[in-house]
Each structure stands twice: as C-alpha cells, then as structure tokens.
Amino acid sequence: MSDYRVRFSATSSGPLDGDAGERLHTALLTMPGVDGVSGVEPDEGGSGVTATFHIEVRLGMADAARDGSRLAKEALKVAGMGEAQLVELAVTMNDDVPLRDGHRS
C-alpha cells in the first residue's frame, strides 16, 4: 500500500458558516479510509475551503485520485457543505510522514 496526500479546494455559491472549517476537519477525521488530516483552511472570502488529508491506496495514482475525490465530496456533505463544488484536487505520493494527533499529518 502507498500513502497519498490529497489536497482539495471547494467553493460554495454563498458564504460558509463560521465553523465550516472545524466541521470539515471533524468529518475528514471520522471518514473511513482517511488516515489523517493535515489541515483545513477556510478561504478569506468566506465561500471556500481548502483541506489536506492522507489515504492509503493499493494500486496507484489513478485509484488515489478517484478515492480522494470521493472522500472529499463525502466529507463536504457530512460537514453540511453538500452544495460546495470541488474546484481543485491534487494527489501526491507521500513518503514517510510523521504522525500528528494519532494520525498521519
């Protein structure tokens, strides 16, 4: 299995709630298949968010992109931001990553 870092950005047509970043962070931490969360950053304009999480994938980059996209969309729904659209997704193969809060960072 290989470890991949998935970073995504999503925007909403309207402003996000003030706690949207915290809700997304919690959603990602509890998603099956997510090995850790490096960070969640709401955009300054209030209608977007960027997040980074880690997953392990058996077969390669294409599977990591597919799984990462699915997990990002599902986490947005769980966090109450189902209307937000993914506007960017970057998947990077990760080497040894230190643990933070019991998860990869």
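By convention here, the first residue in the shown sequence is residue 1. Just so it is clear, the values below take in all heavy atoms, side chains as well, and ignore hydrogens, waters and symmetry mates.
Looking at residues two or more places apart in sequence or on another chain, you find a side chain to side chain contact (heavy atoms under 4.5 Å, CB included) between E88 and S9. Partners of D43 under the salt bridge (Lys or Arg N to Asp or Glu O under 4.0 Å) rule, at least two apart in sequence or in another chain, do not exist in this structure. Applying the side chain to side chain contact (heavy atoms under 4.5 Å, CB included) test to T26 and every residue at least two apart in sequence or in another chain returns nothing. For the side-chain hydrogen bond (donor to acceptor under 3.5 Å, both in side chains) test, no residue two or more places apart in sequence or in another chain qualifies with D17. Partners of A51 by side chain to side chain contact (heavy atoms under 4.5 Å, CB included), not counting sequence neighbours, listed by chain and number: F8, L24, L28, V40. With sequence neighbours left out, the salt bridge (Lys or Arg N to Asp or Glu O under 4.0 Å) criterion links R7 to no other residue. Residues passing the side-chain hydrogen bond (donor to acceptor under 3.5 Å, both in side chains) test with E22, sequence neighbours excluded: none.
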Exercise. Show your reasoning for whether side-chain contact (heavy atoms from CB on, under 4.5 Å) applies to L16 and E83.
Key: CA-CA 10 Å; L16 298 173; E83 78 286 349; 4.1 Å; yes
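No more than 12 heavy atoms of other residues, nucleotides or ligands lie within 6.0 Å of CZ in R5, so this atom counts as exposed by the packing criterion.
Side-chain contact between V6 and L89: present, with at least one pair of heavy atoms (C-beta onward) separated by less than 4.5 Å. Between S38 and H54, some side-chain heavy-atom pair lies under the 4.5 Å cut-off.
The structure places CE of M93 at 3.5 Å from OG of S2, a figure rounded to the nearest 0.5 Å. How far CZ of F53 is from CG of D35: 10.5 Å, rounded to the nearest 0.5 Å.
A donor-acceptor contact closer than 3.5 angstrom is absent between the side chains of T50 and E41.
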With a cut-off of 3.5 Å and sequence neighbours excluded, list every side-chain donor-acceptor pair involving residues 58-71.
{"residue": "D63", "atom": "OD1", "partner": "R66", "partner atom": "NH1", "Å": "3.1"}

Report, one line per pair, each donor and acceptor closer than 3.5 Å where one atom sits in a side chain of residues 73-82; sequence neighbours left out.
none

